[in-house]
Amino acid sequence: MSDETLLADLVALAARAPSPHNTQPWAPRVVVAGPDGPGVEVAVVPGRTLPAGDPTFRDVLLSLGAWVECAAVGAAAAGRELVVEPLPALRALDALPVRGPADPERPVLRVRLGGAATGSPAATPADVRERAVYRGDLAGDPAVYDDLPAGTLAPGLRLRAVDPAVLARLVRWGGVGTLARRPVAEELLHWLRLSPEHPGYARDGLSDRVLLVPPALARLGAPVTRHLWLRDPALGALGAVARVADAALTARARARGGAGVPAPERGVHHVLVADASVDARERGGPARAPVLDGRTGLPEERVLDAGRSLQRLWLHAHRAGHAVSPHSEVVDVPGPHAALRRHLGLRRSEVALAVFSTGRPLGEVPRAPRLPA
Ligand SMILES: Cc1cc2nc3c(=O)[nH]c(=O)nc-3n(C[C@H](O)[C@H](O)[C@H](O)COP(=O)(O)O)c2cc1C
């Protein structure tokens with residue numbers, strides 16, 4: 001198989017990478033005559049980012065990292081190493097417009113095939129294709145990450161367990177906090193597809209199927225996702241209710257001082273935490289004040305690498321017969337984010353990048369669609 005054909009296959013495989021709201025913010029292009037031979041240049045699609053919900057590009061970078069990891073799994077299965085080169089535009093994501101297509105002249109990274117792969121890959125292309133998020137009930141196994149192969153987590157990353165009762169409360173608080181913030185709720189609505197009549201139903205976004213929305217509720221909500229004139233009143237009403245609930249949950253959290261309420265165990269819950277001081281030390285600087293380096297407090301390359309680690313964790317769970325359910329709202333909304341930091345006792349230099357539950361799915365796992373190749 002020629003390198004160009006293999007690269008095209010890797011692009012098709014990496015399309016199965018997870019992304020926030022299934023936005024698929026990547027625009028890969030196979031370049032036959034790159035500086036080091038054939039490769040794939042990946043640009044970011046501005047219209048597939050979440051300017052309101054993901055203003056720091058944390059989730060865009062994590063999903064680009066997941067994309068790279070999926071491509072690397074494919075390359076390893078073909079006996080090759082994947083060489084990843086971050087490009088200057090990766091550090092200038094702020095210069096992107098808020099909508100529109102990708103600019104192929106401003107790729108954020110380039111990948112190419114290297115020499116023979118060393119070691120045996122932990123995951124296979126079939127794992128990449130079959131892995132899926134599941135938002136229903138999960139039967140957790142606390143040992144799921146006890147046998148992580150060495151190198152699953154990039155240096156400076158830690159996986160911290162979260163108490164189920166605390167997480168249940170933070171997820172509720174994050175959920176109402178999301179709906180209470182109008183631009184974030186509007187963005188979520190934009191990516192919701194509650195009926196097959198939605199033009200994006202088989203392409204991207206979050207459908208009633210993957211969200212496990214009861215059919216009656218999906219029928220009720222579907223017109224709101226398709227007709228702009230219905231969005232205003234719907235968001236207004238939802239926002240008003242959510243703001244009251246948000247205020248109540250915030251007040252309750254203050255009164256309780258961070259303790260959780262008992263909740264049914266749904267999976268085991270983890271937070272992927274990066275230590276920003278690692279970068280400062282590597283560059284010989286002080287071990288503090290890394291927040292100047294990037295909008296998450298981490299250099300973009302580190303978040304990209306964390307996305308690769310996150311995908312390795314999710315693939316590891318998949319291989320054990322588990323699924324994951326992410327809860328980004330916990331780190332997106334300031335109240336629950338601060339409470340999570342307190343609960344975990346994070347240092348100032350530590351950044352909570354991703355929160356997710358893992359467990360054996362107790363129902364059929366629906367598959368999310370992808371854009372056509
Ligand atoms: C960085 C990141 C954050 C995510 N956050 C959430 C989340 O908060 N809630 C959720 O239900 N799914 C979340 N997801 C999962 C995506 O919605 C999911 O990957 C996408 O819909 C595609 O589905 P699939 O992974 O099952 O193929 C997240 C995925 C990524 C990569």
Side-chain angles (χ1 to χ4, degrees), residues 13-26 44 48-50 52-70 127-138 167 170-179 184-185 187-188 190-193 200-213 266-267 269-272 274 296 298 300 303-315 317-318 322-333 336-337 340 351-358 361 363-371:
L13 181 67
R16 288 306 314 174
S19 58
H21 296 357
N22 199 17
T23 46
Q24 306 163 57
W26 43 74
V44 170
R48 294 185 167 277
T49 63
L50 303 170
D54 183 29
T56 65
F57 294 102
R58 181 201 67 215
D59 284 355
V60 164
L61 289 163
L62 290 175
S63 51
L64 283 176
W67 188 97
V68 168
E69 185 59 25
C70 292
D127 295 325
V128 169
R129 276 189 286 269
E130 288 156 20
R131 176 216 59 83
V133 160
Y134 181 65
R135 299 173 180 86
D137 287 340
L138 296 167
L167 188 81
L170 298 183
V171 165
R172 237 181 353 257
W173 192 2
V176 294
T178 299
L179 295 178
V184 182
E187 220 166 52
L188 172 61
H190 175 75
W191 291 99
L192 275 189
R193 284 99 178 84
Y201 197 80
R203 294 165 52 85
D204 55 15
L206 298 168
S207 69
D208 54 331
R209 283 183 49 255
V210 300
L211 294 176
L212 309 176
V213 177
R266 290 181 81 233
H269 317 288
H270 287 99
V271 183
L272 185 64
T296 51
L298 295 161
E300 284 75 3
V303 188
L304 190 82
D305 267 352
R308 293 192 66 169
S309 296
L310 188 66
Q311 181 66 356
R312 286 195 286 266
L313 288 169
W314 290 5
L315 286 170
H318 171 78
H322 290 232
V324 302
S325 174
H327 307 291
S328 303
E329 64 277 21
V330 172
V331 278
D332 287 341
V333 177
H337 187 172
L340 177 74
V351 184
L353 287 173
V355 181
F356 58 97
S357 306
T358 309
E364 198 196 323
V365 181
R367 284 176 63 71
R370 292 296 188 272
L371 293 165

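By convention here, the first residue in the shown sequence is residue 1. Hydrogens, waters and symmetry mates play no part in the numbers below; they use all other heavy atoms, side chains included. Whatever order the structure lists them in is the order used to number ligands and atoms, beginning at 1. The model shown is predicted, which means the values in this text are computed figures rather than measured ones.
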Requested in this report: Kindly give the heavy-atom pair with the smallest separation between Val133 and Pro326, and that separation in Å.
Outcome: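 Minimum heavy-atom contact is CG1-CD, 3.7 Å.
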
Query raised in the report: When you measure from atom 17 (O) of ligand 1 to each heavy atom in Arg135, Arg131, Arg58, which option holds the nearest one?
Result: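 Among Arg135, Arg131, Arg58, the closest heavy atom to atom 17 (O) of ligand 1 comes from Arg135.
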
Report task. Nearest heavy atom to atom 20 (C) of ligand 1 wins, so pick from Gly65, Ser63, Ser19. Result -> Ser19

Report task. For the residue pair Trp67 and Trp26, categorise the inter-ring angle as parallel (less than 30°), tilted (30 to 60°) or perpendicular (more than 60°). Result ->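 Tilted, since the angle between the ring planes falls between 30° and 60°.
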
Roughly how far, to the nearest 0.5 Å, is [atom2] of [Y] from [atom1] of [X]?
X: Ser63; Y: Arg58; atom1: OG; atom2: CZ; result: 10.5 Å
X: Asp54; Y: Thr23; atom1: CG; atom2: OG1; result: 8.5 Å
X: Arg209; Y: Tyr201; atom1: CZ; atom2: OH; result: 5.5 Å
X: Arg172; Y: His327; atom1: CZ; atom2: NE2; result: 12.5 Å

Protein heavy-atom partner closest to [atom] - residue, atom, separation in Å:
atom: atom 19 (O) of ligand 1; answer: Pro18 CB, 3.0 Å
atom: atom 7 (C) of ligand 1; answer: Pro326 O, 3.5 Å
atom: atom 21 (O) of ligand 1; answer: Asn22 CB, 3.3 Å
atom: atom 26 (O) of ligand 1; answer: Val133 N, 2.8 Å

Atom indices of ligand 1, in the order listed, that fall short of 4.0 Å to a heavy atom of [X]:
X: Glu329; answer: 8 (O)
X: Arg16; answer: 27 (O)
X: His21; answer: 17 (O)
X: Ala132; answer: 26 (O)

Checking contacts here: is it the side chain or the backbone of [X] that comes within 4.0 Å of ligand 1, counting heavy atoms only? Could be both or neither.
X: Ala368; result: side chain
X: Leu206; result: side chain
X: His327; result: backbone

[X] side chain vs [Y] backbone, donor-acceptor pair below 3.5 Å:
X: Gln24; Y: Leu371; answer: yes
X: His337; Y: Val331; answer: yes
X: Arg308; Y: Ala66; answer: no

Query raised in the report: Which residue, Val303, Leu62, Asp59, forms the side-chain contact (heavy atoms from CB on, under 4.5 Å) with Thr296?
Result: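 Of the listed residues Val303, Leu62, Asp59, the side-chain contact (heavy atoms from CB on, under 4.5 Å) partner of Thr296 is Val303.
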
Contact (N/O only, under 3.5 Å) between [X] and ligand 1:
X: Arg370; value: yes
X: Ser328; value: yes
X: Leu310; value: no
X: Leu62; value: no

Report task. State, without any angle test, whether Thr358 and His270 hold a side-chain donor-acceptor pair at a distance under 3.5 Å. Result ->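 Thr358 vs His270: no donor-acceptor pair found between side chains.
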
